[in-house]
2 protein chains.
Amino acid sequence: MHGYDKHAYEPFAVTVDLAVFTLRAGQLHILLVERGQDPYAGRWALPGGFLAPDESAESAARRELAEETGLSDVAGLHLEQLRTYSEPDRDPRMRVVSVAFAALVPNAPQAQGGGDAARAAWLPYEPGARGAYGPLAFDHDVILADAHERIGGKLEYTCLATAFCPPEFTLGELRQVYEVVWGTELDPANFRRKVLATPGFVEQIPGASRLTGGRGKPAALYRAGGATSLLPPLLKPAPDATEGTR
Amino acid sequence: MHGYDKHAYEPFAVTVDLAVFTLRAGQLHILLVERGQDPYAGRWALPGGFLAPDESAESAARRELAEETGLSDVAGLHLEQLRTYSEPDRDPRMRVVSVAFAALVPNAPQAQGGGDAARAAWLPYEPGARGAYGPLAFDHDVILADAHERIGGKLEYTCLATAFCPPEFTLGELRQVYEVVWGTELDPANFRRKVLATPGFVEQIPGASRLTGGRGKPAALYRAGGATSLLPPLLKPAPDATEGTR
DNA sequence: CCAAAAGTGTTCCTCGTACACCCATGT
DNA sequence: ACATGGGTGTACGAGGAACACTTTTGG
């Protein structure tokens with residue numbers, strides 16, 4: 001870090017972009033806003049905004065998260081810096097450097113068309129194939145794909161999955177988090193043992209139980225434990241080579 | 001992303017900071033520059049600099065890497081975005097948002113006091129205890145610790161370790177990378193099997209061999225293979241609980 | 001009675017760990 | 001001769017994968 005003349009270089013705008021995931025009806029959803037103005041008017045985009053003069057990217061991201069989701073208690077939600085996107089031409093109007101975040105929300109409430117965004121909605125996310133939202137504005141398709149990959153990877157070796165669950169949940173619901181994010185199926189029996197064998201992953205709520213959508217035996221309820229790392233990791237099963245490329 | 005008035009917000013300076021590691025004499029070293037001016041005059045700092053108007057953070061980082069190390073071929077070196085540091089008070093003079101990178105260099109040549117940096121040097125890095133360089137300028141101690149943690153973690157599940165090695169290396173040298181970065185010892189026999197069992201991690205150079213510091217049997221030479229991910233991972237041994245806190 | 005999901009038990013097999021042992025070289 | 005590091009072999013044990021089986025609910 002050498003010269004420090006404040007005017008020697010063109011100023012940059014610094015923004016945050018958020019990839020906010022939730023689980024709804026057994027499917028992974030992503031929070032998107034519809035752009036009201038050019039460029040990319042009418043296209044869907046990740047929610048985000050400028051850094052205020054006195055806040056860090058983390059603060060700005062959490063503020064935007066509260067505004068866009070309409071959630072009152074945003075303090076406990078998982079919010080994680082992904083990486084920074086700084087290609088010179090990523091915004092056609094000016095130099096915008098964007099710090100991207102990934103966030104996880106449990107029971108998604110109604111999306112807020114909050115503030116100045118034209119419209120906000122939770123849309124189902126399918127990796128690879130674009131879902132109901134066509135190509136996103138700017139480089140947000142790349143950011144979204146990176147965010148999904150990061151979340152999927154972190155499930156393997158952290159206790160992050162509970163961030164998708166409400167305060168009280170069953171082991172079947174927790175398992176569904178893995179299955180939906182990874183797009184695979186897991187053996188319920190082995191999953192159960194693995195989770196319970198990890199100290200601090202979940203704590204059983206004594207006596208409580210809940211019926212799971214009518215059918216089946218009532219399941220015991222658990223809440224998230226204090227642990228953050230998951231050792232040994234819970235590995236995503238290798239894609240079966242016999243399936244070929246369908 | 002809402003209003004776009006170029007002058008509605010205070011402009012930010014955007015810089016890159018580099019944590020460049022190398023192995024020297026069986027010890028992990030970090031490239032530092034000595035600051036010539038206030039603030040933090042006389043203190044060591046990570047090399048870095050401003051983004052030019054037409055380059056991305058990745059381009060700027062690679063440019064700085066070439067300038068500071070004096071290496072001619074910087075294209076093949078491992079350079080990886082770490083995260084972005086944006087606390088409002090991290091630079092006392094103005095708002096500076098810094099995109100941090102971690103880089104790995106094999107056989108470190110002489111450090112360049114290149115350009116405007118007062119002095120540049122490779123200094124031994126010891127996690128935890130500050131080494132020969134006292135507290136770094138700005139928040140660079142935090143960045144450096146984050147970078148070391150990231151590198152150590154990536155060794156577990158990627159083939160990154162070869163980035164520390166010259167084009168031709170022995171398995172003992174590769175093993176030393178892990179031992180030095182992790183601060184542990186590994187079983188040479190099991191390490192050998194693990195590496196050779198991973199397709200594309202290393203390729204043997206037929207017929208070649210090299211004496212290893214005089215003593216011992218000459219070792220076969222290998223070069224880096226094409227693989228990047230290491231499955232199953234090569235786990236860092238858990239710290240032995242019998243050792244206590246010395 | 002049947003389907004579906006929770007929860008328990010058991011077997012098989014892979015892989016990591018630890019350690020013994022031989023090989024080739026310098027002092 | 002001996003120390004040192006490369007390289008091979010092997011036995012033990014933890015842990016994951018697969019699957020059978022029981023339990024409890026709704027239809």
Side-chain angles (χ1 to χ4, degrees), chain A residues 26 155-157 165 168-180 182 184-199 201-222 229-242, chain B residues 26 155-157 165 168-180 182 184-199 201-202 204-222 230-242:
Chain A
L155 287 188
E156 290 193 335
Y157 57 94
C165 295
E168 301 190 344
F169 53 88
T170 69
L171 292 186
E173 290 165 350
L174 185 65
R175 177 169 45 86
Q176 195 182 236
V177 171
Y178 284 87
E179 294 182 333
V180 168
W182 285 349
T184 60
E185 291 199 350
L186 298 177
D187 184 310
N190 295 331
F191 179 82
R192 171 188 190 78
R193 266 187 294 265
K194 177 73 186 178
V195 170
L196 295 181
T198 304
F201 194 170
V202 296
E203 302 170 358
Q204 186 166 6
I205 302 171
S209 65
R210 184 203 301 169
L211 302 184
T212 63
R215 293 268 216 299
K217 183 176 174 176
L221 288 177
Y222 296 81
S229 71
L230 180 50
L231 281 142
L234 180 53
L235 292 177
K236 172 175 176 171
D240 195 339
T242 65
Chain B
L155 287 188
E156 291 193 333
Y157 57 95
C165 295
E168 302 190 342
F169 54 88
T170 70
L171 292 185
E173 290 164 350
L174 185 65
R175 178 168 46 84
Q176 195 182 238
V177 170
Y178 285 86
E179 294 181 332
V180 168
W182 286 348
T184 60
E185 291 199 350
L186 297 177
D187 185 312
N190 295 331
F191 179 82
R192 171 189 191 77
R193 265 187 295 263
K194 176 75 184 176
V195 170
L196 294 181
T198 303
F201 194 170
V202 297
Q204 185 165 6
I205 301 172
S209 65
R210 183 204 300 169
L211 302 184
T212 62
R215 293 268 213 298
K217 182 177 175 178
L221 288 177
Y222 296 81
L230 180 48
L231 283 145
L234 179 53
L235 292 177
K236 172 175 176 172
D240 195 338
T242 65

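Naming convention: chains lettered A, B, ... in sequence-line order (proteins, then strands); numbering from 1 in each chain.
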Quickly work out the Leu174(A) CG to dG7(C) C1' distance and round it to whole Å.
-> 16 Å

Does a side-chain N or O from Lys194(A) land closer than 4.0 Å to OP1 or OP2 of dG16(D), or not?
-> yes

How do Ala219(A) and Leu234(B) order along DNA chain C: which one's closest nucleotide is nearer the 5' end?
-> Ala219(A)

Smallest heavy-atom separation, Gln204(A) atom then Ala220(A) atom, equals NE2-CB, 3.4 Å

Does a distance-only test, which skips hydrogens and angles, find a donor-acceptor pair under 3.5 Å between the side chain of Arg193(B) and the base of dG9(D)?
-> yes

Taking atom C1' of dT23(D) as reference, at what distance in whole Å does atom CZ of Arg215(A) sit?
-> 17 Å

Check every atom of dG16(D), dG6(D), dT8(C) against the side chain of Pro232(A) and return the nucleotide holding the closest atom.
-> dG16(D)

Check the pair Trp182(A), Glu156(A) against side-chain contact (heavy atoms from CB on, under 4.5 Å), reporting the backbone distance first and the verdict last.
-> CA-CA 10 Å; Trp182(A) 285 349; Glu156(A) 290 193 335; 3.4 Å; yes

State, yes or no, whether a side-chain contact exists between Tyr178(B) and Thr184(B) at a heavy-atom distance under 4.5 Å.
-> no

With DNA chain C as reference, determine whether Leu235(B) or Pro218(B) sits nearer its 5' end, using the nearest nucleotide of each.
-> Leu235(B)

Give the rounded distance in Å between these two atoms: CG of Asp187(B) and P of dT8(D).
-> 14 Å

Send over the distance from Arg192(A) CZ to dT22(D) C1', rounded to a whole Å.
-> 13 Å

Can you tell me the distance, in whole Å, between the CG atom of Leu171(B) and the P atom of dG7(D)?
-> 6 Å

In whole angstroms, how far is the C1' atom of dA18(C) from the CG atom of Leu186(B)?
-> 14 Å

Apply side-chain contact (heavy atoms from CB on, under 4.5 Å) to Leu221(B) and Ser209(B), showing your working.
-> CA-CA 5 Å; Leu221(B) 288 177; Ser209(B) 65; 5.6 Å; no

Given DNA chain D, 5'-ward residue of the pair Ala189(B) and Ala189(A), judged by closest heavy atom | Ala189(B)

Would you kindly give the CZ-to-C1' distance between Phe191(B) and dG6(D), to the nearest whole Å?
-> 13 Å

Here the distance between atom C1' of dA18(C) and atom CD of Glu185(B), to the nearest Å, is 14 Å

For the side chain of Arg210(B) and the base of dG6(D), is some donor closer than 3.5 Å to an acceptor across the two?
-> no

Using the closest heavy atom to pick a nucleotide of DNA chain D for each, name whichever of Glu173(B) or Asn190(B) lands nearer the 5' end.
-> Glu173(B)

Under the criterion side-chain contact (heavy atoms from CB on, under 4.5 Å), which of Leu174(A), Leu196(A), Ile205(A) is the partner of Tyr222(A)?
-> Leu196(A)

